[in-house]
A.B. asks: 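Can you read through this structure? Questions will come right after.
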Amino acid sequence: MTLIPRSLFGRLLGIAALTTLVALVFAGFAIGHVLERFVTQGLDQQLDAQVDVLARAIRRDGSLDRARAISLPAFDERGSGWGWRVDGPAGAWTHGAPIDAPRMSDMPDPPFGPDRPGPAAGHPHPAADHPHPGDNHDVHFRRIAVDTAAGPVVLTAAGPRAVAIAPLHEALVPLLVSLCVLGAGLAGATLLQLRLGLAPLRRLRLELAEVRSGRLHYISTGLPAEIAPLATELNALIDQNEQGLAHARRHVSNLAHGLKTPLAALGLKLAEPGRDPDGSLGAMVDQIDRRVRHHLGRARARAQGGNARSRTPLAPAIAEIARALARIHAERPVGIAIDVAADFIVAIDPQDLDEIVGNLLDNAWQHASATITVGARMVEASIELTIADDGPGLDHGAIRDALAPGRRIDERGDGHGFGLPIAQELLEINGGSLALEPASGGGLRAVILMPVAP
């Protein structure tokens, strides 16, 4: 089972959502890091200011001049968590919050000496930035070393990390809200972009449906540059199909014309005395001639009408065929019940519809015991017509044989076994289908699907 959506909309939306989420997370971490450095820099400046004051109070012998070791306001507040410490050869001095003595790992770089050029004695080296002294994670401090005649003096100033963390937390709330609003805005913009960007594909699909239904002849070429070549190729395919259909119709017409003359000659021969005593051969020749004329007329009509699809009302056609068959089979007391909506119109040539329904109704009339039922209903873009009789019916093997050309299941009558296959072929040509199945109350049920006329 793949996680990739089958639609272009889903794929593009998924990629946009993933990249937007990654970008927002990255932006959140990046902005948070910048904010942390910004607020930490303010705390460092306060600590560096205190360290600078202490560095100016260091004597050349490494001792601390307490008179000059002024504590900044924050360091004088009791319990504030601010403090400083001086460690040198002459001793250690502290003020404010307690600070552990520096360890070797906490020591800054060695001070400048006589063999290393640097700032003058008594001035601090660049401060070393440590996150916390000792193991206290709640304290942030700055530490430097001052070179004196007696040796290096280490100066440490510390403050509570909460001074930096609290503003950071206050800034993160509006940051997260802003990122969420930005994400929602980007999601809306992405949906709008996908709707507008994929609109030409929806238009192409609708126009293809219009072409298939016969309401349009070609797809419009006023499409974006990426889709316009596809529309051009589809129009070329439409032209190619039309040329192929025209070629096939010419062949049918030529075949029909080629058969007409021999049939006419055969009819004249059979009309001679003694050639056809009972007239059965002449009737068959006449039936063949009518079929040839029918298909010749269809070929001419299609050649003149192009791709225009027929619109044939279903109910009147069935009623007329039923009246004709009732007269033909007047010796059989069979009743017929027709339930077909008056507004059902199928996209089938009237002559084709007459031949389809006529063959199926005639077959039902020959085998029904007392009743034939005809009904129709809408099934999506098709009309389902059912013709059921209460005769002996057929098993599944016989149903399969009944649709084979030239196979007769019932030897009674004067048929030749071509009625059902012809009906099936005509339906398939017109975009429909035929299925035979046992009727629920016994007998045979024919299910015909026909396209709805636009």
A.B. asks: For a 4.5 angstrom cut-off between non-hydrogen side-chain atoms, does Leu361 reach Val374?
C.D. replies: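 The answer is yes, as the side chains (C-beta and beyond) meet within the 4.5 Å cut-off.
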
A.B. asks: Going by the side chain to side chain donor-acceptor pair (under 3.5 Å) test, which pairs reach into residues 81-92, not counting sequence neighbours?
C.D. replies: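 Output for this query lists Ser71-Trp84, Arg85-Asp87.
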
A.B. asks: Checking Ala315 now: which residues fulfil side-chain contact (heavy atoms from CB on, under 4.5 Å) with it, not counting sequence neighbours?
C.D. replies: Val340

A.B. asks: For Gly159 and Leu47, which heavy atoms make the closest approach, and how far apart are they?
C.D. replies: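 Result for this residue pair: N-CD2, 3.8 Å.
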
A.B. asks: Can you run down the salt bridge (Lys or Arg N to Asp or Glu O under 4.0 Å) pairs that involve residues 441-454, sequence neighbours left out, and say none if there aren't any?
C.D. replies: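 For residues 441-454: Glu437-Arg445.
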
A.B. asks: Given side chains that start at C-beta, do those of Leu385 and Ile318 come closer than 4.5 Å, heavy atoms only?
C.D. replies: yes

A.B. asks: Would you name the heavy atoms of Leu155 and Leu54 that are closest together and state the gap between them?
C.D. replies: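 Answer, listing the atom of Leu155 first, then Leu54: CD1-C, 4.0 Å.
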
A.B. asks: Holding to side chain to side chain donor-acceptor pair (under 3.5 Å), I want the full list of residues that pass it with Asn235, two or more places apart in sequence or in another chain.
C.D. replies: none

A.B. asks: Please enumerate all residues that pass salt bridge (charged side-chain N to carboxylate O under 4.0 Å, His left out) together with Asp65, with sequence neighbours excluded.
C.D. replies: Arg59

A.B. asks: Tell me, please, which residues at least two apart from Ala368 pass side-chain contact (heavy atoms from CB on, under 4.5 Å).
C.D. replies: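 Ala368 satisfies side-chain contact (heavy atoms from CB on, under 4.5 Å) with Val334, Ile372, Asp389, Asp390 only.
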
A.B. asks: Quick check: do Leu64 and Ile58 have side-chain heavy atoms less than 4.5 Å from each other?
C.D. replies: yes

A.B. asks: Under the salt bridge (charged side-chain N to carboxylate O under 4.0 Å, His left out) test, which residues partner Arg323, sequence neighbours left out?
C.D. replies: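 For Arg323, no residue satisfies salt bridge (charged side-chain N to carboxylate O under 4.0 Å, His left out) once neighbours in sequence are set aside.
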
A.B. asks: Considering non-hydrogen atoms only, spot the tightest contact between Ile219 and Glu207 and give its length.
C.D. replies: CG2-OE1, 3.1 Å

A.B. asks: Return the set of residues passing side-chain contact (heavy atoms from CB on, under 4.5 Å) with Leu427 (not counting sequence neighbours), or none when no residue passes.
C.D. replies: Ile348, Ile356, Leu434, Ile448, Met450

A.B. asks: Could you tell me which non-hydrogen atom of Ala158 sits nearest to which non-hydrogen atom of Phe75, and how far apart they are?
C.D. replies: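 Looking at all heavy atoms of both residues, the shortest contact is O-CE2, 3.7 Å.
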
A.B. asks: In the structure I gave you, are the side-chain heavy atoms of Leu204 and Leu234 within less than 4.5 Å of one another anywhere?
C.D. replies: yes

A.B. asks: Give me the atom names and distance for the closest heavy-atom approach of Leu353 to Ile321.
C.D. replies: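 Heavy atoms of Leu353 and Ile321 come nearest at O-CD1, 4.4 Å.
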
A.B. asks: Using side-chain contact (heavy atoms from CB on, under 4.5 Å), reason through Asn363 and Leu444 one step at a time and then give a plain yes or no.
C.D. replies: CA-CA 10 Å; Asn363 185 72; Leu444 188 65; 4.3 Å; yes

A.B. asks: How many angstroms lie between atom CD of Gln46 and atom CZ of Arg142, to the nearest 0.5 angstrom?
C.D. replies: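 That separation rounds to 12.0 Å.
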
A.B. asks: Going from CG on Asp354 to CD on Gln351, what distance comes out if it is rounded to the nearest 0.5 angstrom?
C.D. replies: 7.5 Å

A.B. asks: Taking only residues two or more places apart in sequence, or in another chain, which ones meet Leu449 in a side-chain contact (heavy atoms from CB on, under 4.5 Å)?
C.D. replies: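 Result, side-chain contact (heavy atoms from CB on, under 4.5 Å) vs Leu449: Ser382, Glu384, Ser433.
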
A.B. asks: Can you measure from CD1 (Ile70) to CZ (Arg56) and round to the nearest 0.5 angstrom?
C.D. replies: 11.5 Å

A.B. asks: For residues 172-201, please give each side-chain donor-acceptor pair under 3.5 Å, one per line with the distance, not counting sequence neighbours.
C.D. replies:
from, atom 1, to, atom 2, distance (Å)
Ser178, OG, Pro174, O, 2.7
Thr190, OG1, Leu186, O, 2.7

A.B. asks: To check you understand the geometry: which heavy-atom pair defines the closest contact between Leu43 and Pro160, and what is its length?
C.D. replies: CD2-O, 4.0 Å

A.B. asks: Between atom CG of Leu360 and atom OG1 of Thr386, what is the distance when rounded to the nearest 0.5 Å?
C.D. replies: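 Going from CG on Leu360 over to OG1 on Thr386, the span is 11.0 Å.
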
A.B. asks: Side chains of His95 and Val86: does their closest heavy-atom pair fall under 4.5 Å?
C.D. replies: no

A.B. asks: Indicate yes or no: at least one non-hydrogen side-chain atom of Met378 is less than 4.5 angstrom from one of Ile383.
C.D. replies: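 Met378 vs Ile383: side chains touch.
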
A.B. asks: Give, for atom CG of Leu325 and atom CD of Glu320, the distance between the pair rounded to the nearest 0.5 Å.
C.D. replies: 11.0 Å

A.B. asks: With side-chain contact (heavy atoms from CB on, under 4.5 Å) as the test, would you mind laying out the steps for His140 and Thr40 before giving the verdict?
C.D. replies: CA-CA 9 Å; His140 182 83; Thr40 303; 3.9 Å; yes

A.B. asks: Could you pull out all residues at least two apart from Glu428 that satisfy salt bridge (charged side-chain N to carboxylate O under 4.0 Å, His left out)?
C.D. replies: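 Salt bridge (charged side-chain N to carboxylate O under 4.0 Å, His left out) check on Glu428 returns nothing, list empty.
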
A.B. asks: Distance from Leu8 atom CG to Leu13 atom CG, nearest 0.5 Å?
C.D. replies: 12.0 Å

A.B. asks: Under 3.5 Å, side-chain donor or acceptor atoms of residues 17-39 against the rest of the protein: list the pairs with distances, not counting sequence neighbours.
C.D. replies:
from, atom 1, to, atom 2, distance (Å)
Thr19, OG1, Ile15, O, 2.9
Thr19, OG1, Ala16, O, 3.0
Thr20, OG1, Ala16, O, 2.7

